[in-house]
Amino acid sequence: MEIILKIMLKKGLLSSKDLSRADLLRVFAETEKLLPVARKEKTSNLMKGKVLATLFYEPSTRTRFSFETAMLRLGGSVISNAQMKETSSVKKGESLRDTGRVVSCFADVIAMRHSEAGSVAELAEGATVPVINAGDGANDHPTQGLLDVYTIWREFGRIDGLTIGMVGDLKYGRVPHSQCQYLKNFKKLKFVFVSPDELKMPREIVKELKSCGHEVVETADLDGVIGELDVLACTRIQQERFASEKEYLKYKGVYVVGRLQVADCKKKMIILHPLPRVDELLPEVDSDKRAKYFEQVTNGVAVRMAILNLTL
Ligand code: NCD
């Protein structure tokens with residue numbers, strides 16, 4: 001099994017559809033081993049001599065720093081461009097494939113983010129080293145989904161049978177899409193999707209979850225369902241994916257999770273958010289012991305360490 005996963009990750013991690021339940025458990029086990037390094041409690045030289053290139057064509061704080069921290073704390077090195085759109089040879093008309101081929105001459109592994117779905121796969125076609133998708137448009141964000149599912153697994157010691165609420169922009173949010181792709185591999189989950197009608201989870205994802213034997217409930221009413229959730233996975237309304245500011249403003253602020261809402265939550269449940277947050281999750285929730293979104297950030301470094309280690 002381990003051999004199969006390693007062979008697969010030799011190509012990198014382009015899609016959250018690429019990992020099976022067994023693969024996920026293997027990644028979680030590897031992540032557990034590396035968590036003390038991510039928490040700065042231990043040091044490591046696992047990636048000594050290796051170079052990671054981070055190519056970001058779209059804004060990021062956490063994801064890029066998280067990949068870079070993971071590589072650096074494992075003793076490797078990083079070359080980085082956070083403004084690929086403005087300052088790379090894209091400006092001169094270079095294709096993604098060529099960029100992939102060229103950067104492969106410098107780095108041992110590439111992490112890339114772009115605003116267009118499928119763009120990371122395109123660069124990977126030219127690359128001769130593993131490529132990790134750090135978010136491609138509204139499509140997928142495999143390492144974020146992975147760290148979310150890892151956080152759930154760590155908190156509950158299991159995933160089977162949980163009731164998972166996802167609230168926010170389920171249409172354009174690549175994070176809920178990735179979460180579903182991983183979670184579908186577990187057993188007997190209840191998905192509660194909370195969004196305005198226009199921002200519902202894509203139909204093909206809902207269909208797939210049902211065909212895997214999961215229950216799916218869709219509603220616009222957060223208050224009516226918040227009390228039954230084991231996990232409340234919040235997301236931001238994805239402003240940059242809307243056709244106009246006017247269109248975005250229709251949905252901005254439609255859901256707010258504050259102390260009032262959390263008062264109705266189970267005692268043993270967790271609140272996740274990939275961050276950045278805008279107005280959908282109030283800072284007054286931060287001190288609640290069920291709020292796990294800052295822990296997620298550290299878990300994200302450990303998950304990326306595991307992915308780098310399994311890849312190289
Ligand atoms: C997410 C992203 O970029 O998709 N952020 C992240 O990677 N932590 C979520 C978002 O931007 O809303």
Side-chain angles (χ1 to χ4, degrees), residues 13-16 31 38 52 54-70 80 82-85 110-120 131-152 165-182 193-196 199 201-202 205 231-242 247-248 251-257 270-283 286 291-305 307:
L13 180 58
L14 292 178
S15 164
S16 50
T31 304
L52 162 74
T54 51
L55 312 180
F56 277 59
Y57 296 76
E58 208 189 34
S60 165
T61 303
R62 266 152 301 276
T63 305
R64 188 170 62 87
F65 280 165
S66 179
F67 270 110
E68 295 179 358
T69 304
S80 178
Q83 273 127 13
M84 283 298 285
K85 230 178 181 157
I110 297 170
M112 169 187 169
R113 167 174 289 187
H114 198 286
S115 55
E116 270 165 52
S119 54
V120 181
V131 177
I132 303 169
N133 182 356
D136 64 328
N139 181 42
D140 201 353
H141 192 347
T143 58
Q144 178 68 46
L146 202 47
L147 79 90
D148 299 336
V149 175
Y150 168 70
T151 303
I152 298 172
M166 297 185 191
V167 58
D169 186 345
L170 305 183
K171 178 180 180 188
Y172 296 119
R174 56 192 170 201
V175 174
H177 301 166
S178 306
Q179 290 169 341
C180 287
Q181 292 304 336
Y182 291 130
F193 294 143
V194 185
S195 72
L199 301 179
M201 186 64 82
I205 296 184
V231 177
L232 171 60
C234 306
T235 44
R236 167 180 77 87
I237 305 291
Q238 305 281 299
Q239 176 171 15
E240 64 276 38
R241 312 274 178 239
F242 286 86
E247 191 65 15
Y248 164 65
Y251 306 108
K252 181 181 152 50
V254 65
Y255 297 109
V256 176
V257 175
I270 58 171
I271 303 165
L272 303 180
H273 195 304
L275 305 174
R277 61 178 158 190
V278 185
D279 47 17
E280 67 282 359
L281 178 58
L282 302 180
D286 297 0
K292 299 293 173 192
Y293 30 94
F294 293 111
E295 253 172 63
Q296 276 177 270
V297 179
T298 303
N299 289 347
V301 176
V303 162
R304 292 180 176 111
M305 284 175 169
I307 293 297

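Both ligands and their constituent atoms are indexed starting at 1 by order of listing.
- A cation-pi arrangement is not found for R113 relative to F56, the charged atom failing to lie both closer than 6.0 Å to the ring centre and inside a 45° cone about the ring normal.
- Heavy atoms only, all atoms of each residue included: I271 and Y293 are closest at O-CD2, 3.7 Å.
- The distance from ligand 1 to the heavy atoms of P274 drops below 4.0 Å at these ligand atoms: 8 (N), 9 (C).
- The closest approach between any non-hydrogen atom of T235 and ligand 1 is not below 4.0 Å.
- Judged by distance alone, the side chains of T143 and R304 do bring a donor and an acceptor atom under 3.5 Å apart.
- Sequence neighbours left out, not one pair with a member in residues 140-149 passes salt bridge (charged side-chain N to carboxylate O under 4.0 Å, His left out).
- If you number the atoms of ligand 1 from 1 as listed, the ones under 4.0 Å from a heavy atom of Q144 come out as 6 (C), 7 (O), 8 (N).
- Using a 4.0 angstrom heavy-atom cutoff, E58 does not count as in contact with ligand 1.
- Protein heavy atom at the shortest distance from atom 3 (O) of ligand 1 is R174 NH2, 2.9 Å.
- Between P276 and ligand 1 there is a heavy-atom distance shorter than 4.0 Å.
- A salt bridge links D286 with R277; the closest basic N to acidic carboxylate O contact falls under 4.0 Å.
- Close contacts of ligand 1 with R62, meaning ligand atoms under 4.0 Å from a residue heavy atom, involve 8 (N).
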(request) Go through the steps for Q296 and H273 under the test side-chain hydrogen bond (donor to acceptor under 3.5 Å, both in side chains), then give the verdict. (result) CA-CA 8 Å; Q296 276 177 270; H273 195 304; over 6 Å; no
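- Annotation for ligand 1: atoms under 4.0 Å from non-hydrogen atoms of H141 are 2 (C), 4 (O), 6 (C), 7 (O).
- Protein heavy atom nearest atom 5 (N) of ligand 1, with residue, atom name and distance: L275 O, 3.0 Å.
- Taking a cut-off of under 4.0 Å to the non-hydrogen atoms of Q238, the atoms of ligand 1 that pass are 10 (C), 12 (O).
- At under 3.5 Å, a nitrogen or oxygen of R236, whether backbone or side chain, sits near a nitrogen or oxygen of ligand 1.
- If you check the side chains of T151 and E295, you find no donor sitting under 3.5 Å from an acceptor.
- By the 4.0 Å N-to-carboxylate-O rule, R174 lies too far from D136 to be salt-bridged with it.
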